[in-house]
There are 2 protein chains.
Amino acid sequence: MTPIMYPMRVTRQLLAEHRVAMLRQASRLFRAHGIDRVGVADITRAAGLTHGAFYGHFPSKAALASEACDASLARAADRWRALAAEAAGNGEDGLGAVIDRYVSPSHRDDPGGGCALVALGAEAARDPALVPGMTSGTEALLAALDDILATARPGVPAAERPGIALAVLAAMNGGVLLARALADRPDRSDAALTAARRAARRAAEFS
Amino acid sequence: MTPIMYPMRVTRQLLAEHRVAMLRQASRLFRAHGIDRVGVADITRAAGLTHGAFYGHFPSKAALASEACDASLARAADRWRALAAEAAGNGEDGLGAVIDRYVSPSHRDDPGGGCALVALGAEAARDPALVPGMTSGTEALLAALDDILATARPGVPAAERPGIALAVLAAMNGGVLLARALADRPDRSDAALTAARRAARRAAEFS
DNA sequence: TGGGATACATGATGGGTGTCATGTAAAATT
DNA sequence: AATTTTACATGACACCCATCATGTATCCCA
């Protein structure tokens, strides 16, 4: 006899809010300090809970990290689409707007609020438990870039778009990573951003 | 009365060998598994010692990590120069040789033997104790790229070389990071490398 | 060759971490 | 209104880690 499971009605929403709060705080803390430097107690505390609430929501810290990467990158992809659409509405270059916002001093100086690919890509590549979320989230970024290219670069054949999206994303995240690695020399760091913006734009040219 | 300190003669070399062995093993282990996943005991064991030997050589684990980043990147810069010189001797493109070796499947699949900027750049950017080593090592890579550009791209004015070096390095490390993040989808990962190689070459064009 | 210096091994410690029980108060269903 | 369910807090456990003493065997210098 399997016991009948009665669903909840109101608290279900609160449960989901707790879950999403943990995901959001975890994503922010992970990007800001690294996955290994953030404990589950830090995450639950930032979400207004205690560490006892954790394992009712996630099977493990690594599983949370994978989901956090995926969700964070998917939201970034949505923001890219919105930004590009807004720029296009103003008659500006949608792709250039995305590049300029990504390869910027403010992004460089705010890892906790920035792209998970730059902040956690290397860490995720090492841990097999994180690879699925990181791969899936990165594909979301690429899909967004592909769509943005379709309207912002109508001269680019559709068959070329995936490769160009990869090249643009590589120049973008490489530029931010390089700028962060040069943190001790601010002028060089700024120059890295300027050079990477240009490289990303050039990568989007079709010839 | 300060006690007279007598220097050593022969063991000094063995001491230096132990030190460099720790540095080398630490660099490899850090790149392969991340700094926080590697303990002091792992490093000394890989160097044929025990953890007691550590603090006679380095003031802290973070100090070792900073020095390991710097040394690893400086050696990479030397290898780049040698590779470019060899290619130029064969009448080939020195810069292209460096790009092709860096943005390659073998580099992507061997983080422990690969570039510290890709593997540890994000981690180093977070920890103030690691920033000096990472910045200095990255400058060594850029200086090597600048020199390689001077002979492989004689059309590029000297004043433009630093910016171009930054753009090329951003495309290179961004490509490897992206390819690692896409580990779950091998065809996309390979495509990322191909696209990044092209982006790096394009970034080196002067116009 | 003898005496002092020291690099390394052993061991200890204090703190932190992921994960797993248990209890309880509140909510949801009948 | 009563009963069942359950999300969360508290607490505990086992483990790992960076760092710091202590001892000893070895090596350097006179």
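Note that these values count all heavy atoms, side chains included, but never hydrogens, waters or copies made by symmetry. Below, chain A is the first sequence line, B the second, and so on; all start at residue 1. Predicted model only: the values in this text are computed from it and were never measured.
Between A:F58 atom CZ and D:dA7 atom C1' the separation is 14 Å, expressed in whole Å. We find that CD of B:E17 is positioned 14 Å from P of D:dC27, with the value rounded to whole Å. Between the CG atom of B:L49 and the P atom of C:dA7 there is a distance of 13 Å, given to the nearest Å. Regarding A:H57, its NE2 atom lies at a distance of 13 Å from the P atom of D:dT6, rounded to whole Å.
Salt-bridge formation is detected for the pair B:D100/B:R201: a Lys NZ or Arg NE/NH1/NH2 atom is positioned less than 4.0 Å from an Asp or Glu carboxylate oxygen. A salt bridge does not link B:R75 with B:D78: every distance from a Lys NZ or Arg NE/NH1/NH2 to an Asp or Glu carboxylate oxygen is 4.0 Å or more. One finds a salt bridge joining A:D127 and B:R37 here, because a Lys/Arg side-chain nitrogen approaches an Asp/Glu carboxylate oxygen to under 4.0 Å. At a threshold of 4.0 Å, the pair A:D147-A:R161 does not count as salt-bridged, since none of the basic side-chain nitrogens sits closer than that to a carboxylate oxygen.
Side-chain atoms of A:K61 come within 3.5 Å of backbone atoms of A:I35 as a donor-acceptor pair (strictly under, hydrogens ignored).
Across all non-hydrogen atoms, the minimal contact from B:M134 to B:A124 is CE-CB, 3.6 Å.
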Got a list of protein N/O to nucleotides 15-19 of chain C N/O distances below 3.5 Å?
| unit_1 | atom_1 | unit_2 | atom_2 | d |
| --- | --- | --- | --- | --- |
| C:dG18 | OP1 | A:K61 | NZ | 2.7 |
| C:dG18 | OP2 | A:V40 | N | 3.0 |
| C:dT19 | OP2 | A:Y55 | OH | 2.2 |
| C:dT19 | OP2 | A:K61 | N | 3.1 |
| C:dT19 | O5' | A:Y55 | OH | 2.9 |

